[in-house]
Structures are given as structure tokens and as C-alpha cells.
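Quick note: residue numbers are just sequence positions, from 1.
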Amino acid sequence: MPLLISTGHYSTAGSRSRNEDFVGMVTPNEPELSSKGMIAAIADGVSGNEGGREASEYAVRGLLTDYYATPDTWEITTALDKIMVAINSWVQQQGSVRRELAGMASTLTGLVLRGRMYYSAHVGDTRCYLYRAEKLQKLTQDHVWDRPEMQHVLTRAIGMDTRLAVDHGMGELKQDDVFLLASDGVWAAMSEYDLTALLQQVANRGLSAEAASQALCEHAIKEGSQDNCSAIVLRIDALPEGDLRDALSEIKNLPVPPRLKVGQTIDDYVVEELLHSSRTTLVYLVNDAAHHRKLVLKTLHPDRANDNHECTAFAHEAWLAKRVVARFFPQVITPEHRHFLYYLSTWHAGDSLQSRLDNGQHFTVPDAINYGCKLIRAIAALHRRSIIHRDIKPANVHLGDDEEIRILDLGVAQSGFDADTKDLAHTYLMAGTPSFLAPEQFLSSGASRATDIYATGVTLYYLLTRHYPYGEVEAFQRPKFGDPIAPTRYRPDLPEWLEHVLLKAVARDPKQRFETAEEFLLAMERGAARPLPAPLKAPLLERDPASRWRAVAICAMVLNLLLLYVLIVR
């Protein structure tokens, strides 16, 4: 479903003879709506000269027009900033070359809604408000003198100075959010209570956005406003699925927290334990006292705070984790107020399969079949969402005290949803743990569903035998793959049908493996009732291609010796 927005706008001169406010918005069709979003803007020309109206109109028209001409690769905040700086230069130039426009200036507040995020850019004393969950929040700061008698005097505006500093804001959209862009003729004459009451009617569908924008202006005039009155009202009616670009934009504007100690607090979450630490990420167990629950908080290592690639990869991981809504995965929790780079997920008592193996737990054949079927279902759920995990192994498979299997760590997962992930896929071509990488990956082949199926097969093989089907592979090693070792060499109690299933899952040739996780699951569930045939041994030339050339070399050597013998005898 695309982003659906109800819009309305109204502008009137009020008690004045000339309207120097200007409002506008653009609601494009696809694909622009998904790639660039919709934009609304409001401006209030500085009174006292003929250029006020011209400055405000040019500022709004320029922002709305030029925004859609910027490259799609630019971040929204970057695009808005560059456009507003250019508009500022033009207004300044016009004021200097045309005497009648000397001193022309204007406030400008713009709002972009794209995907599941909003972005604001602001200079002056026009305002942007957000009404959400019965609360009104002012998203912009007035650029006026901080003295009661001079609060109508601007300190920052389009055309006022050669250098322009633009305030930027951003946040996540929610269903039924209502945004208000208003000139000072509206907000200065109305109380916050009145603003809230009108916007509440819009959120509750009791008043249309169009009717609300007009009602706001008329109410301000009724309350004695002596200025032009303008308002734009926007209501979020439906949200699309999250966009990776939005996640990247949000991530890049959040600081990485310092390394936290037990007892410290981050955004009202109290750290109870450091669960995991790696070169790139930190994972904490935190207490959410407000909701009486424990959560898992994952963040980047402080040493990676300025690593753009790691920030991108982390944003991708958080985005994917939020998409996989199923019992096979910890569920992402959206914090009410987030001021640092991290994401939260549900905490489940239990341990990873690797931790249980390290602690000496023995897994019986029925255990392996039970947990194996759950693991394969989880892999199938990922693949249905076009996600390749790329690092399936016992350490990333959690067995809860509730006997549920959950897959952890989507840090190197590959998705097919957004072009931005292609760079991640290229960088992490050999992502994963060597002993769980499929043979074709050592030949520079990319990850695929077949490689996830292979890693799942190796995980079950290791769970039962504590060995690897082709032996352990060390980092940077270029292994040779022959036929896999039969798991019954290590576990003679394994049924023959299970051995055949495992050997098919870890076949050297991806064409000999299960085509899908569903096929793998079906073979596990059928078991001895409909066993798979024993896998055929690969010919020697397939297992060891170099043997062909060794044979050729030996034959050539023998022929040379025979020729030498003939020459000597003669």
C-alpha cells in the first residue's frame, strides 16, 4: 500500500490589504511518491516593502519545483538544505539589483513525507506542528529575538543574510498523525488548546484537512489576528512498508552511544548485562521499567561510530529485523523516544545451540528432528520474504526455554527489497563462518537460498555429531570438497533416512541439494515413511578436478620413458 495523505490548505490576507503569505504542496504519483515523497511548504514575506510577497512566492515555488529535480541519491535533508541556500542567494541578489525590492526576505518552512518518515526544513517564524496521540508538538524553533518587546523581529530568514543556516528535523510517521504548517498570523492568535482541539477533530475524521485549514485561519481572525493567515493541514491515512532509505536517513542522524556499564540508563532503559561484544556491535540486556519487561538492545561499537559502511549495514539489519514478523525471530520493539543509534527486540530466556553444545548438552535424534524442523521453517519464512541469512550456524540459532527455535543476527543478511543492499551484498561476498559456507562460495559465487540450505544442513550435522561434513575450515583457507563424511561415522545410532537427508542438504553441488527449504522440511517430516535414496558418490574427476591433469602428466611421463627406452635399446 502506498503512502496515503489527506491534505488541505487555506490562505487569506485577513485584515491587511495585501497577502504576503504563500503556501503550496506537491503530491506526485508513483514512482516519485516512493522515491521522493510529497512536499508542502509555507512562507511569510517580510512586510514593509513590495518584495515580501515576491520573496515568499519564489521561496515556496522554488522549493517545490527544485526538490523533484534533485538526484534520488541525495538524502532528503541534503536536498532541502542545498535548495534553500540557493533560494536565499537568489532573493539576496534580487534585493540588491532591484531598488523596489531592497530588503526583501521571507520565512520558509518545508515538510517532506516519504515512506514511513517525515523531514522538515525551517528558517524564520512560520511553524510546523505534529499532533499525535492527543498531544501537540511544535517541531520548529522560531528564529526571533529573545526579548519580549522584539519577538516579532526575525534573526534568520530567506534573503536576510548571505549565509543561511537551516534547521532540520526528522522522525517516524504514525497512522493518523496530523501535521500543521502555519504562519504567525495563525499560531500567534490562537492558544495551544484551540490548535489541539481542531487538529484532534482532523485525526478523528470529524473534520477534513481542507475544512480544518480554513477553520484555523478564520478562528485566528476571530481572535483578533492583524496579520495574513495561512495554514496547511496534512493527515496520514495509510503507511507503506518501511523503506531502507528511510532507515538509513534515520540512522545517520543518531549518535552511537558510548560503551555502557551495568546500571547505566539509555533512553529510560536500564542496562542489566552485556550479552555479546564483537568488533562491530554490542548487545545488552536492558530493563524496560515502564512496561515491566526485559529487552535486548543492539548497537554499534563506539569504535565504528564514524564508519559509514557499518552504519549502513546496521541500518539494514534493523530494517530487516523489523520486517520478519514471525515466531521464529525476536520481534523488534519501537522505542517511544530514541536519541541514540540502536534497536530493541524481545528477550527470550534460553541459550544458543552453540552455548548448549559448549555446556555439554547432548542432542538426541528426536531432539535434532524436532528442532531441525523448526529451524527449517524459520529459514523458509526468511526466504519467502526474499531474505538470505548468510550466517546460519549453532551460535545464531536460539533455543528458548519455551522450546521455540529463533534465528538471531541478521547483520550480514541479504535482501532483495532495495538497491542500496547491493553494495552490502558485494562487500560481504564471503560473509559467514567458513565451516558453514557452501563450496560454491569459495569460488566467488554469491549467497543464495541454496547456501542457506547448506548452512542449515551443516548446523544439524554438527548438532548431532560435533563434526563438519567436510572437516573444519579455517579462515582464509581454500578447502577442497570431495564427498561429505557420512554422519553415521560419528553417530552410528542415526537412522539411515536422516543420514540421507543430511547428506543431500550438504551436497557439494548445489543442484544436488534441496531446491527449497519447504522441500527440505518435507523430507524431514516424512522421515522413514518415504526415505530419500542414498546420494551417489561423485566421480573422481568431479571430486578432484586436478586429478585429471595429474593423470595426463603421469601418462606423458610413462610415454617419455618408453620412448627413451626404445631409443636406448636401438
Side-chain angles (χ1 to χ4, degrees), residues 77 116-120 130 132-141 167-174 177 242 246-308 310-325 329-352 355 396 398 400-401 406 408-411:
T77 52
R116 302 178 69 92
M117 300 289 292
Y118 69 82
Y119 306 82
S120 65
L130 168 60
R132 172 184 293 170
E134 301 183 357
K135 293 181 180 180
L136 185 67
Q137 178 184 0
K138 183 162 68 76
L139 301 180
T140 54
Q141 182 69 37
D167 289 352
H168 292 281
M170 64 180 297
E172 188 176 1
L173 293 173
K174 301 288 185 181
D177 279 351
D246 296 332
L248 292 177
S249 296
E250 183 180 15
I251 286 295
K252 290 179 180 179
N253 284 273
L254 292 172
V256 175
R259 192 180 182 100
L260 302 171
K261 297 179 180 179
V262 174
Q264 285 186 309
T265 300
I266 175 172
D267 290 347
D268 299 328
Y269 302 106
V270 181
V271 176
E272 292 192 352
E273 181 183 351
L274 175 64
L275 297 176
H276 179 73
S277 175
S278 69
R279 292 183 296 110
T280 57
T281 59
L282 296 169
V283 182
Y284 301 96
L285 176 65
V286 298
N287 180 33
D288 179 10
H291 298 90
H292 309 288
R293 60 185 175 180
K294 293 182 179 181
L295 298 173
V296 174
L297 184 150
K298 186 169 186 178
T299 184
L300 273 182
H301 196 288
D303 293 344
R304 304 287 178 164
N306 297 319
D307 190 324
N308 185 63
E310 292 296 347
C311 287
T312 300
F314 187 82
H316 183 232
E317 176 185 356
W319 180 68
L320 289 182
K322 195 171 183 178
R323 293 182 63 91
V324 287
V325 181
F329 313 95
Q331 296 303 289
V332 171
I333 305 296
T334 302
E336 295 181 4
H337 306 286
R338 179 170 59 177
H339 301 96
F340 295 94
L341 171 62
Y342 63 83
Y343 74 89
L344 298 166
S345 60
T346 53
W347 175 79
H348 305 274
D351 282 304
S352 69
S355 295
N396 285 337
H398 185 272
D401 290 351
R406 295 179 178 88
L408 308 176
D409 196 356
L410 295 169

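The CG atom of Leu300 sits 11.0 Å away from atom CG of Leu254, with the distance rounded to the nearest 0.5 Å. The OH atom of Tyr343 sits 10.0 Å away from the CG atom of Leu297 when rounded to the nearest 0.5 Å. To the nearest 0.5 Å, atom CG of residue Leu285 and atom NE2 of residue His276 are 15.0 Å apart. With rounding to the nearest 0.5 Å, the separation of CD in Glu273 from CG in Leu275 is 5.0 Å. The distance from the CG atom of Leu130 to the CG atom of Asp177 is 5.0 Å, given to the nearest 0.5 Å. How far CD of Gln264 is from CZ of Arg259: 11.5 Å, rounded to the nearest 0.5 Å.
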message: Assess the residue pair Lys298 and Thr281 against the criterion (side-chain contact (heavy atoms from CB on, under 4.5 Å)); give the C-alpha distance rounded to whole Å, side-chain angles, the decisive distance to 0.1 Å, and a yes or no.
response: CA-CA 7 Å; Lys298 186 169 186 178; Thr281 59; 3.9 Å; yes
- prompt: What's the verdict on side-chain contact (heavy atoms from CB on, under 4.5 Å) for Thr280 and Phe314, showing C-alpha distance, side-chain angles and the deciding distance?
  reply: CA-CA 9 Å; Thr280 57; Phe314 187 82; over 6 Å; no
Criterion side-chain contact (heavy atoms from CB on, under 4.5 Å) on Arg293 and Thr346, from CA distance to verdict: CA-CA 9 Å; Arg293 60 185 175 180; Thr346 53; over 6 Å; no
side-chain contact (heavy atoms from CB on, under 4.5 Å) assessment of Ile333 paired with His291: CA-CA 12 Å; Ile333 305 296; His291 298 90; over 6 Å; no
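Tyr342 and Tyr269 have perpendicular rings, their planes meeting at more than 60° on a 0 to 90° scale where under 30° would count as parallel.
Between Pro257 and Pro302, the shortest heavy-atom distance links the atoms O-CG, 3.7 Å. Of all heavy-atom pairs between Gly350 and Asp401, the closest is CA-OD1, 3.4 Å. Across all their heavy atoms, Ala305 and Cys311 have their closest contact at O-SG, 3.8 Å. Taking each heavy atom of Leu344 and Pro335 in turn, the nearest pair found is CD1-CB, 4.0 Å. Residues Val332 and Lys322 approach most closely at CG2-N, 3.6 Å, considering heavy atoms. Here the closest heavy-atom approach between residue Glu272 and residue Asn287 is recorded as OE2-CB, 3.2 Å.
Gln137 places none of its side-chain heavy atoms less than 4.5 Å from the side chain of Arg132. Under the 4.5 Å side-chain criterion, counting only non-hydrogen atoms from C-beta, Tyr118 is in contact with Leu139.
Using a cutoff of 4.0 Å between basic side-chain nitrogens and carboxylate oxygens, Asp267 and Arg338 are not scored as salt-bridged.
Between the side chain of Arg279 and the main chain of His301, no donor-acceptor pair closer than 3.5 Å is present. Gln331 contributes no side-chain N or O that, together with a main-chain N or O of Ala321, makes up a donor-acceptor pair within less than 3.5 Å.
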